Amino acid sequence: MVRLVKFLAIVFLVTAHAQSGFADDAKQAQFVLTIGVNRSVDLKLPQLRYADDDAVRFFDLFRALGARTYLLTRPDENTRRLHSQAAAEARTPTKQNFDDTISAMRRDIARAKKQGIETTVYFIYAGHGGTEKSVGHLSLEDAAINGAELANALNTIAADKAHLIIDACYSVYLAFARGPGGARRPLSGFSHRALLVDRDDIGLLLSTSSARESHEWEALQAGVFSHEVRSGLFGAADANGDGQVSYREIAAFVERANAAIPNERYRPQIFARPPKNSHILLDLNRVAQQKLVISGDQSGHYFLENSLGVRLADVHN
């Protein structure tokens, strides 16, 4: 029998920590690369609208968690107004900047390891994906990164653990989509078969839906899958209230959020696989300054926005 949780704790991140990425007490450090690409290297594909917004919102979330953050995106005018700090630090998502950022992460992680600190890297991508000869790739503005190249980048970084959060679509034609004119397919180049068979230190959180509508939601100025994942990482997916978001919890949260969509063709789906020996995607305990606890007495739809009207999280309790 499943016991229904009577409350939902949303971790309210109100204090940004130092940008060293090093945790003083827990001897753990997080390093986060977020990439958002609106304009595919394939110029035949329509330009996305909110991949840059997704990238900077992940950047802001992990910055508030005290992680060492790196950002590759080209913020549009509205995104620059709403996220001025992220816009000031963002580098354009080109292959050269990608390579340079990977090198910087390698140096930072090596320095942390010399101090005896356990390191975790998050690679987060929102934008265009594609396949060629059944090998998946992600698009930068001037190049594509295939599964082998991403694996090599992770090898170069050499973190103790890695988590991949990827929201990508193979675009053809779809209004307000994560790729207008697009259809999602399994990222074979990033699947456990092609990339991770020997990498038990890498966790996967992928959108694997087939063709469907509204992958980008204009009302939220965000990708649907990315927004749902961020909502969960704010603590909304923490079903047992232990301050940790597990892979099982985030998968259940995203699936439940879309359960009311009757046609599976239009229902975002998720592939979640944790790294070996750890089922936790994100631990919020050491950085949570406050908690907003929603009672189960009055059920409903709740959302959290900042003072600029940027939607941070949605949840039904």
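Remember, it's a predicted structure, so these values are computed and weren't measured experimentally. Residue indices begin at 1 and follow the sequence shown.
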Subject >> Minimum heavy-atom distance Ser231-Ala236, with the two atoms named >> reply: O-CB, 3.1 Å

Original post:
Within 45° of the axis and under 6.0 Å from the centre of the six-membered ring of Phe234, does NZ or CZ of Arg230 qualify?
Top reply: no

Original post:
Please, which pairs that meet ring pair (Phe, Tyr, Trp, His ring centres under 6.0 Å) have at least one residue in residues 85-115, sequence neighbours excluded?
Top reply: none

Original post:
Are a donor atom and an acceptor atom from the side chains of Thr94 and Asp142 found within less than 3.5 Å of each other?
Top reply: no

Subject >> Donor-acceptor contact present, side-chain Asp242 to main-chain Asp238, <3.5 Å >> reply: no

**OP:** Establish whether Tyr70 and Leu164 are linked, either directly or via other cluster members, by ILVMFWY side-chain heavy-atom contacts under 4.5 Å.
**Re:** yes

**OP:** Kindly compute the distance separating OG (Ser139) from CG (Asn38), expressed to the nearest 0.5 Å.
**Re:** 11.0 Å

Subject >> Carboxylate-amine/guanidinium contact Arg63 Glu89, below 4.0 Å >> reply: yes

Original post:
Salt bridge check: are Asp108 and Arg111 linked by an N-O gap of less than 4.0 Å?
Top reply: yes

**OP:** Check Val245 against Ala237 and note the closest heavy-atom contact, atom names and distance.
**Re:** CG1-CB, 4.0 Å

Original post:
Is there a donor-acceptor contact under 3.5 Å linking the side chains of Asp42 and His128?
Top reply: no

Subject >> Spacing of Ile166 atom CD1 and Leu204 atom CG [to the nearest 0.5 Å] >> reply: 7.0 Å

Subject >> Side-chain heavy-atom pair Phe59, Ile124 within 4.5 angstrom cut-off >> reply: no

Subject >> Closest non-hydrogen atom pair between Pro75 and Asp52, with its separation >> reply: CA-OD2, 3.7 Å

Original post:
Is the shortest heavy-atom distance from the side chain of Gln28 to the side chain of Asp160 under 4.5 Å?
Top reply: no

Original post:
Of the non-hydrogen atoms in Pro274 and His279, which two are nearest, and what is the gap between them?
Top reply: CB-CA, 3.9 Å

Original post:
If you measure only the distance, is there a donor-acceptor pair under 3.5 Å linking the side chains of Asn285 and Asp283?
Top reply: yes

Subject >> Chi angles and distances behind the side-chain contact (heavy atoms from CB on, under 4.5 Å) call for Ile109, Arg68 >> reply: CA-CA 10 Å; Ile109 288 175; Arg68 178 71 171 92; over 6 Å; no

Original post:
Mind checking whether Val37 and Leu138 have side chains closer than 4.5 Å, heavy atoms only?
Top reply: no

Original post:
Roughly how far, to the nearest 0.5 Å, is the OG1 atom of Thr156 from the CE atom of Met105?
Top reply: 11.0 Å

Original post:
Are Phe271 and Ile202 co-members of a hydrophobic cluster defined by side-chain heavy atoms under 4.5 Å apart?
Top reply: yes

Subject >> Any donor-acceptor N/O pair, Asn155 side chain to Ala151 backbone, under 3.5 Å >> reply: yes

Original post:
How long is the span from the CG atom in Asn152 to the CD1 atom in Ile157, to the nearest 0.5 Å?
Top reply: 10.0 Å

**OP:** Any chance you could lay out the side-chain contact (heavy atoms from CB on, under 4.5 Å) test for Val121 and Thr119, step after step, and finish with the verdict?
**Re:** CA-CA 7 Å; Val121 65; Thr119 58; over 6 Å; no

Original post:
Can you check side-chain contact (heavy atoms from CB on, under 4.5 Å) on His163 and Leu282, steps first, answer last?
Top reply: CA-CA 10 Å; His163 303 279; Leu282 185 63; over 6 Å; no

Original post:
Would you say His83 and Arg57 make side-chain contact, with heavy atoms under 4.5 Å?
Top reply: yes

**OP:** With side-chain contact (heavy atoms from CB on, under 4.5 Å) as the test, would you mind laying out the steps for Thr79 and Val56 before giving the verdict?
**Re:** CA-CA 8 Å; Thr79 304; Val56 299; 3.7 Å; yes

Original post:
Hey, does Glu118 have a side-chain heavy atom less than 4.5 Å from the side chain of Lys161?
Top reply: yes

**OP:** Using distance alone, with no hydrogens and no angle criterion, decide if Ser103 and Asp100 have a side-chain donor and acceptor under 3.5 Å apart.
**Re:** no

Subject >> Min side-chain heavy-atom separation Tyr122-Leu281 under 4.5 Å >> reply: yes

Original post:
Quick one: OG1 on Thr34 to CD1 on Ile165, what's the gap to the nearest 0.5 Å?
Top reply: 10.5 Å

Original post:
Tell me, do Leu150 and Tyr125 make a side-chain contact under 4.5 Å, heavy atoms counted?
Top reply: no

Original post:
Atom CG of Leu154 and atom CD of Glu149: how far apart are they, to the nearest 0.5 Å?
Top reply: 12.0 Å

**OP:** Look at the side-chain heavy atoms of Ile, Leu, Val, Met, Phe, Trp and Tyr, link any pair under 4.5 Å apart, and say whether Ile102 and Phe31 land in one connected group.
**Re:** yes

**OP:** Would you name the heavy atoms of Val32 and Ala67 that are closest together and state the gap between them?
**Re:** CG2-CB, 3.7 Å

Subject >> Minimum heavy-atom distance between Thr73 and Gly36, given as atom pair plus value >> reply: OG1-O, 2.7 Å

